[in-house]
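Order of the sequence lines sets the chain letters (A, B, ...), proteins ahead of strands, with each chain counted from 1. When reading the values below, keep in mind they use all heavy atoms of this one structure, side chains included, and skip hydrogens, waters and symmetry mates.
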Number of protein chains: 2
Amino acid sequence: MTSTEGPAQPAVRTRDAARTKAEILTVATREFARLGYAGARVDEIAARTRTTKRMIYYYFGGKEQLFTAVLERAYSRIREAEQLLDVEHLDPVAAVRRLAEVTFDHHEEHPDFIRLVSIENIHEAEHIAASAELSRISSPAIEVLRRILDTGRASGLFTADVDAVDLHAMISSFCFFRIANRHTFGALFGRDLVDAGRREHYRTMLGDMIIAYLTADRAA
Amino acid sequence: MTSTEGPAQPAVRTRDAARTKAEILTVATREFARLGYAGARVDEIAARTRTTKRMIYYYFGGKEQLFTAVLERAYSRIREAEQLLDVEHLDPVAAVRRLAEVTFDHHEEHPDFIRLVSIENIHEAEHIAASAELSRISSPAIEVLRRILDTGRASGLFTADVDAVDLHAMISSFCFFRIANRHTFGALFGRDLVDAGRREHYRTMLGDMIIAYLTADRAA
DNA sequence: TGACTAACTAACCAGTCCGTACATTAAACG
DNA sequence: CGTTTAATGTACGGACTGGTTAGTTAGTCA
């Protein structure tokens with residue numbers, strides 16, 4: 001670690017509250033995701049930043065509030081990604097499939113976020129409940145899905161009378177399980193759900209399943 | 001706690017290794033499920049049994065091995081339940097639906113087990129890997145599913161060329177997500193996935209989805 | 001019935017962990 | 001340029017935690 005004393009990194013420590021806060025959040029996200037809430041250590045998080053533990057208490061108040069802040073940032077990033085969704089110019093079937101694929105990709109790209117959500121569920125979402133920001137906002141994806149479903153039903157393409165939140169749960173289930181339960185599933189069934197070679201297979205399978213459900217003839 | 005000195009509870013402490021071990025496991029299961037691996041306290045587990053902390057180390061060796069033993073017992077109970085599966089006398093469509101329903105019910109009835117699995121995944125299944133018992137055995141449900149799928153394909157009922165492990169993942173995803181992510185999903189979308197009034201709705205939805213997928217015309 | 005051992009208990013230890021009191025310094029400001 | 005204040009660092013307290021040491025008791029079997 002002698003590189004930190006190189007000429008590119010001047011020894012003078014400039015003060016930058018925003019940068020310090022952001023760095024703490026980045027490190028804390030990694031540590032909480034890696035070890036769980038109780039498993040993560042405040043001292044260790046501090047040691048992995050360029051600042052000290054004192055700053056965590058100065059900016060966030062404590063371990064609990066730090067975890068809440070980590071969740072807030074993680075969720076806000078998804079919302080940003082969801083706001084970039086541009087699927088409503090497609091026909092309903094293609095739009096739903098595209099939405100499922102975007103969800104699939106997002107889960108794969110953010111395993112730390114998936115872990116944080118698992119951890120927060122172990123704690124019965126108490127930090128979300130404690131966060132005004134998190135309990136207020138909702139997901140843009142739901143609104144998009146609602147509109148696609150309306151269009152699809154109106155044009156007679158979709159036979160199923162599903163509601164957007166339920167369909168979102170259905171799509172998320174598979175994407176979430178694949179990442180979150182990768183390890184136990186792999187250990188017990190000898191199949192790595194996140195193997196790169198099977199990625200397209202699962203991505204297609206998810207889309208097929210959702211479309212099959214929405215367009216099935218539910219006569220019985 | 002004066003009741004422990006009542007006449008129904010004789011003060012004489014009878015020695016019973018099996019009972020003591022079982023009681024430790026039961027309490028440890030609850031505590032680990034409630035608080036996570038790092039969050040659970042060996043002292044607290046001991047305090048909630050009728051024995052002492054020393055016995056945990058005497059019988060299990062340490063916290064890590066205790067957690068492994070908890071997992072082993074939890075998984076062995078599922079396997080027992082799966083061995084009671086009796087669906088192969090049904091036609092393939094009914095059999096798959098029944099299997100999905102049994103899985104659905106099992107998840108709902110064992111939230112502690114779901115939490116343990118989530119926790120074990122945070123730890124990247126290291127305890128399963130450390131357990132000869134767990135890494136050896138496989139799931140009876142997979143074999144049952146494989147046979148149903150074969151029959152269904154042979155009779156032309158199922159168009160999808162799915163493999164049993166993937167379909168098992170698909171079914172488990174929804175059942176698992178519904179229980180495991182109940183809290184964050186409820187907090188963010190204002191819908192309790194485990195609400196008793198919506199139970200039948202989700203149970204049917206899962207079956208519909210699986211059957212739709214298996215019987216869909218995948219021409220495109 | 002007395003020696004032996006598995007089952008059990010209480011007390012403790014060394015290291016860890018969250019949080020804080022206190023001191024200090026870089027920037028903002030008039 | 002002197003004062004103020006936000007930002008930062010040091011060092012440590014006190015409670016806790018996993019694990020252990022040393023000793024006790026109930027059952028059993030020769």
Rounded to whole Å, CZ of B:F32 lies from C1' of D:dG18 at a distance of 11 Å
From CD1 of A:I45 across to P of C:dT16 the rounded distance in Å is 17 Å
OP1 or OP2 of D:dA7 less than 4.0 angstrom from a side-chain nitrogen or oxygen of A:T20, does that happen here? no
Checking D:dT10, D:dA7, C:dT9 against the side chain of A:T52 (C-beta onward), the nearest is D:dT10
The helix from C:dT1-D:dA30 to C:dG30-D:dC1: angle between terminal helix axes, five bp per end, to the nearest 10 degrees, reads 0°
Rounded to whole Å, NZ of B:K21 lies from P of C:dC8 at a distance of 11 Å
From OH of B:Y58 across to C1' of C:dA10 the rounded distance in Å is 17 Å
Salt-bridge contact B:E80-B:R77 (side-chain N to carboxylate O under 4.0 Å): no
Practice prompt. Output yes when B:R199 and B:E108 qualify as a salt bridge under the 4.0 Å nitrogen-oxygen rule, no when they do not.
Written response: yes
Whole-Å distance, B:R50 CZ to C:dA7 P, equals 17 Å
Rounded to whole Å, CZ of A:R19 lies from C1' of D:dA6 at a distance of 16 Å
- prompt: Would you call B:R34 and B:D112 a salt bridge, taking side-chain N to carboxylate O under 4.0 Å as the test?
  reply: no
Q. Between B:R198 and B:D192, is there a salt bridge with N-O shorter than 4.0 Å?
A. no
Parallel, tilted or perpendicular: which one describes the rings of A:F185 and A:F189, with boundaries at 30° and 60°? tilted
Whole-Å distance, B:M55 CE to D:dT20 P, equals 14 Å
- Taking 4.0 angstrom as the limit, do A:K53 and A:D43 come out as a salt bridge? yes
Given protein heavy atoms under 4.0 Å, the one-letter contact record of nucleotides 18-23 of chain C, with B base, S sugar-phosphate only and - none, is simply BBBBB-
When rounded to the nearest 0.5 Å, the distance separating NE2 of A:H183 from CG of A:L193 is 10.5 Å
- Item | Under 3.5 Å donor-acceptor, B:R50 side chain and B:A47 backbone | no
### Task
Determine: side-chain N/O of A:Y59 to OP1/OP2 of D:dA6, distance under 4.0 Å, yes or no.
no
task = State plainly whether the residues A:D86 and A:R98 are in salt-bridge range, i.e. N to O under 4.0 Å.
result = no
In whole angstroms, the gap separating P of C:dA7 from CZ of B:F60 amounts to 12 Å
